[in-house]
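To start, the structure under review is shown below, and the notes come after it.
Proteins come first, then strands; the chains are lettered A, B, ... in the order of their sequence lines, and each starts at number 1. Just the heavy atoms: all of them, side chains too, but no hydrogens, waters or symmetry mates, feed the values below.
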Protein chains: 2
Amino acid sequence: MSKRKENSSNSINRDYIIECDLTYAICLVGGRWKLLILCRLEEGAMRFSELRRSIPNITERMLTLQLKELERDGLVRRTVYAEVPPRVEYELAHVAKELIPVWKQLSDWGQRHRNCRMQAVKAS
Amino acid sequence: MSKRKENSSNSINRDYIIECDLTYAICLVGGRWKLLILCRLEEGAMRFSELRRSIPNITERMLTLQLKELERDGLVRRTVYAEVPPRVEYELAHVAKELIPVWKQLSDWGQRHRNCRMQAVKAS
DNA sequence: CTCATTACTTACAAATTTGTTAGTACCATA
DNA sequence: TATGGTACTAACAAATTTGTAAGTAATGAG
């Protein structure tokens, strides 16, 4: 999401894709780490380092990038406390909270789907 | 989704990501075109060429790729009719139909979010 | 015999996303 | 003075996704 080439077919298609409310929504929470981050914030605000520790595989760079995008897109609120060592907290914005029931359902569906698949594999 | 390098951190992280039911679900329908395709199939089966025409910007290659993945993941059923010229129809599998209400909600959320954003921009 | 249609496939290239490594500034503590 | 914690940033490289352009096989119509 850094530098994008304008007028590449690729970016033209991205623009086309987000005309649809559904794919627009998916773009906001898509990417490898975003929903994982959002889930962590469900219980309340967390510091950068807490998030980092709670998602072992993510790198600092990726966490920073994704948090920045989430903030830019209004899904996450960032609060800096003027302390030393620095303290920065992230929490779900209102719109993101509205999404919680939806991602619960998606998660349930994912679980069911996974089970179906496993059955299918067993049967073959 | 073609050749992947095993043991790259990238693919290790993908495996990690799909341990969570939610991100697993998102992976199944993620990618630029999948949900757009699934939406088209909501009303019933469609031929390859119909799909292609109904999504003007997609290339044949992308459509083929995404349909293959959707089929592999059990979201779409593919039926070949032994005719000439060939006729191949795609339709939502049962699991995918279960997802319809969820993507409706996501779509509604997307619309609301988009409106909020526009207001925010106007206000600034 | 030539052309058109359908549903693809292939080889390649461009663009984007993700990961690696090292570095920053601030201050507290040992 | 050296080290450690916090929340990052920057330069670079690797991996993956997406797009381009051309080609395939079967057959029917003209």
Can you measure [X] atom [atom1] to [N] atom [atom2] for me and round it to whole angstrom units?
{"X": "B:Asn57", "N": "D:dT17", "atom1": "CG", "atom2": "C1'", "result": "17 Å"}
{"X": "A:Lys68", "N": "C:dT17", "atom1": "NZ", "atom2": "C1'", "result": "16 Å"}
{"X": "A:Glu69", "N": "C:dT17", "atom1": "CD", "atom2": "P", "result": "8 Å"}
{"X": "B:Leu63", "N": "C:dC8", "atom1": "CG", "atom2": "C1'", "result": "10 Å"}
{"X": "A:Arg53", "N": "D:dG5", "atom1": "CZ", "atom2": "P", "result": "10 Å"}
{"X": "B:Ile12", "N": "D:dA14", "atom1": "CD1", "atom2": "P", "result": "16 Å"}
{"X": "A:Leu65", "N": "C:dT17", "atom1": "CG", "atom2": "P", "result": "10 Å"}
{"X": "B:Arg14", "N": "D:dT16", "atom1": "CZ", "atom2": "P", "result": "7 Å"}

NA contact type, [X], heavy-atom cut-off 4.0 Å: base, sugar-phosphate, or nothing?
{"X": "A:Arg52", "value": "nothing"}
{"X": "B:Ser49", "value": "sugar-phosphate"}
{"X": "A:Ser9", "value": "sugar-phosphate"}
{"X": "A:Tyr81", "value": "nothing"}

Answer yes or no: is there an ion pair linking [X] with [Y], defined by an N-O contact shorter than 4.0 Å?
{"X": "B:Glu89", "Y": "B:Arg78", "answer": "no"}
{"X": "B:Arg14", "Y": "B:Glu19", "answer": "no"}
{"X": "B:Glu91", "Y": "B:Arg77", "answer": "yes"}

(request) Return the 5'-most residue of the pair A:Glu60, A:Val84 with respect to DNA chain C, ranking by each residue's nearest nucleotide. (result)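 Final value for this comparison: A:Glu60.
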(message) We want to know whether A:Arg32 and B:Asn10 form a side-chain donor-acceptor pair, criterion being a heavy-atom distance below 3.5 angstrom.
(response)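 Yes, because at least one side-chain N or O of A:Arg32 sits under 3.5 Å from a partner of the opposite role on B:Asn10.
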Can you identify which nucleotide, out of [options], has its nearest atom closest to the [X] side chain?
{"X": "B:Tyr90", "options": "C:dT20, C:dC26, C:dC8", "result": "C:dC8"}
{"X": "A:Asn10", "options": "D:dA7, D:dA26, C:dT16", "result": "C:dT16"}
{"X": "B:Ser8", "options": "D:dA15, D:dG19, C:dC26", "result": "D:dA15"}
{"X": "B:Arg78", "options": "D:dC8, C:dT6, C:dC8", "result": "C:dC8"}
{"X": "B:Met62", "options": "D:dT18, C:dC8, D:dC8", "result": "D:dT18"}
{"X": "A:Arg32", "options": "C:dG19, D:dG19, D:dT9", "result": "C:dG19"}
{"X": "B:Pro86", "options": "C:dC8, D:dA7, C:dA7", "result": "C:dA7"}
{"X": "A:Gln66", "options": "C:dT18, D:dG5, D:dG19", "result": "C:dT18"}
{"X": "B:Arg61", "options": "D:dA7, C:dC26, D:dG19", "result": "D:dG19"}
{"X": "B:Trp33", "options": "C:dT16, D:dG19, C:dC8", "result": "D:dG19"}

(message) Side chains of B:Ile17 and A:Asn57, heavy atoms from C-beta outward: is any pair under 4.5 Å?
(response)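 Side chain of B:Ile17 against side chain of A:Asn57, heavy atoms only: no contact under 4.5 Å found.
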(message) Using side-chain heavy atoms (C-beta onward) and a distance below 4.5 Å, is A:Val76 in contact with A:Leu38?
(response)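 The answer is yes; the side chains approach within 4.5 Å.
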(request) Answer yes or no: does a side-chain N or O of A:Asn13 lie under 4.0 Å from OP1 or OP2 of D:dG19? (result)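 Looking at the OP1 and OP2 atoms of D:dG19, one of them is under 4.0 Å from a side-chain N or O of A:Asn13.
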